[in-house]
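Atoms within a ligand are numbered from 1 in the order they appear, just like the ligands themselves. Atom set for the values below is all heavy atoms of this structure, side chains included, hydrogens, waters and symmetry mates excluded. Starting from 1, each residue takes its place in the sequence as its number.
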Amino acid sequence: MKNIKDYNLDALKEEMKNIGEKPFRAEQIFKWLYEEKVKSFDEMTNLSFDLREKLKQNYTICNFKILKKLESKDGTKKYLFDILDGNSIETVLMSYHHGYSICVSTQVGCKMGCKFCASTGIGFIRNLSSGEIVEQILAVEQDTGLRISNVVYMGIGEPMDNYDNVVNSIRIINNPKGLNIGARHISVSTSGVVPMIYKLADENIQCTLSISLHATNNEKRSSMMPVNKAYPIEELLQACKDYIAKTNRRVSFEYALAKDNNDNLEDAKELVKLLRGMNCHVNLIPINKIENGAYTKSSNENIIKFRDYLNDHGIVATIRRELGSDIDAACGQLRRKNLKV
Ligand code: SAH
């Protein structure tokens, strides 16, 4: 059965035509799903009984089950969802002064193999569909009654390795008749799958691109992130420049600081050289400890020195708050779990 949440509005209009219905039914269904946030076709009371029956026979509505919910002392919540096929994924809800932000997963597991990240540890199972990405937001909104204002594609998985579903999910989230979250409030993070960065630049979506950079030379970056062997730093930065030129959007670079690895002033100097003149922002992340992880967190003193060096040399840098680390909900700490094991 097809998941009704996999369709963006235009695609659902087409689908309605294909099943002999008027395209405006798609708008009605969208309203029920994303405004009223109903969990069944039966609740879509302005659709005829026959149409509701037809929908029930042909489509699922994909309501994830909450298996576990952990709350951090800083208010961050981590959800473990049963995604209805024996797998589960994690989604994180964070509270900021500007509203609620949700960190969504895009794959069950991850192929990228970054040495510091728990998401990669237990391998890759499958891509999430667009509807399964959207459902993470809906399920959290339904559970909390909150309205989510920001979405970051920074959970489990590599968004650019599930490109079509990710872009389609953004169209659903962004549509005023869908979840109506502005593109500027949506960030997509990538470990650096260069061809997909060029592709995203051509989609005409005003989302923020975040790049997990983490090192300033190829030797070090390749030792931390195997993807760098396929797409080295020069090619990655060229793709970012193209993205900035085409979208007029500022790119964000994530740089996780690991003690004695990439956190000394020499690294900061190299980073300034690499990024000078680019319309960008650097988000420094104190590296989070993961099981069997090779890296440890830099000292607070080093992190502040690193930030100040960047800021003093014309690169805007901020330190990311470490939300949810007490419940393993912080960057790099999310993992897939197999319910059958
Ligand atoms: N695969 C995408 C999306 C994940 S985003 C990407 O790599 O960008 C999650 C962010 O957290 C990435 O910037 C990732 O590099 C970073 N991260 C992973 N493990 C981390 C850890 N142990 N400590 C801090 N940040 C980490």
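For S149 (side chain) and Y100 (main-chain N/O), a donor-acceptor pair under 3.5 Å exists by modelled atom type. Under the 3.5 Å distance criterion, the side-chain polar atoms of S119 are matched with a main-chain donor or acceptor of L334.
Looking at E254 next to ligand 1, an N or O pair under 3.5 Å apart turns up.
At a heavy-atom distance under 4.0 Å, only side-chain atoms of H214, from C-beta outward, approach ligand 1. With a 4.0 Å heavy-atom cut-off, ligand 1 is reached by the backbone of E158 and by its side chain too. Heavy atoms of I285 found under 4.0 angstrom from ligand 1 belong exclusively to the side chain. Only the backbone of T190 comes within 4.0 Å of ligand 1, judged by heavy-atom distances.
No salt bridge links K5 with E132; every basic N to acidic carboxylate O contact stays at or beyond 4.0 Å. Classification of R171 and E203 as a salt-bridged pair holds, one side-chain N sitting under 4.0 Å from a carboxylate O.
Considering C103, P159, G332 only, the shortest heavy-atom separation from atom 17 (N) of ligand 1 involves G332. Proximity annotation for atom 1 (N) of ligand 1: of S187, S191, G157, P286, G157 comes nearest, heavy atoms only. Taking only non-hydrogen atoms, the option from C110, S325, S210, S212 nearest to atom 6 (C) of ligand 1 is S212.
Between the side chains of S72 and D74, at least one donor-acceptor pair of N or O atoms lies under 3.5 Å.
Remark: minimum distance from atom 21 (C) of ligand 1 to any protein heavy atom is reached at C331 O, 3.3 Å. For atom 9 (C) of ligand 1, the nearest protein heavy atom (residue, atom name, distance) is M154 O, 3.5 Å.
Within the structure, ligand 1 has G155 among the residues with a heavy atom less than 4.0 angstrom away.
With ring centers used as reference points, F306 lies under 6.0 Å from Y255. Between F253 and H214, the ring centre distance reaches or exceeds 6.0 Å.
If you number the atoms of ligand 1 from 1 as listed, the ones under 4.0 Å from a heavy atom of N288 come out as 21 (C), 22 (N), 23 (N), 24 (C). The distance from ligand 1 to the heavy atoms of F116 drops below 4.0 Å at these ligand atoms: 15 (O), 17 (N), 18 (C), 19 (N), 20 (C), 21 (C), 22 (N). Residue contact check: C117 has heavy atoms under 4.0 Å from atoms 18 (C), 19 (N) of ligand 1.
With respect to D267, the salt bridge (charged side-chain N to carboxylate O under 4.0 Å, His left out) criterion is satisfied by exactly one of K259, K305, K220, K273: K220.
A cation-pi geometry, defined here as NZ or CZ lying under 6.0 Å from the six-membered ring centre and within 45° of its normal, holds between K111 and F124.
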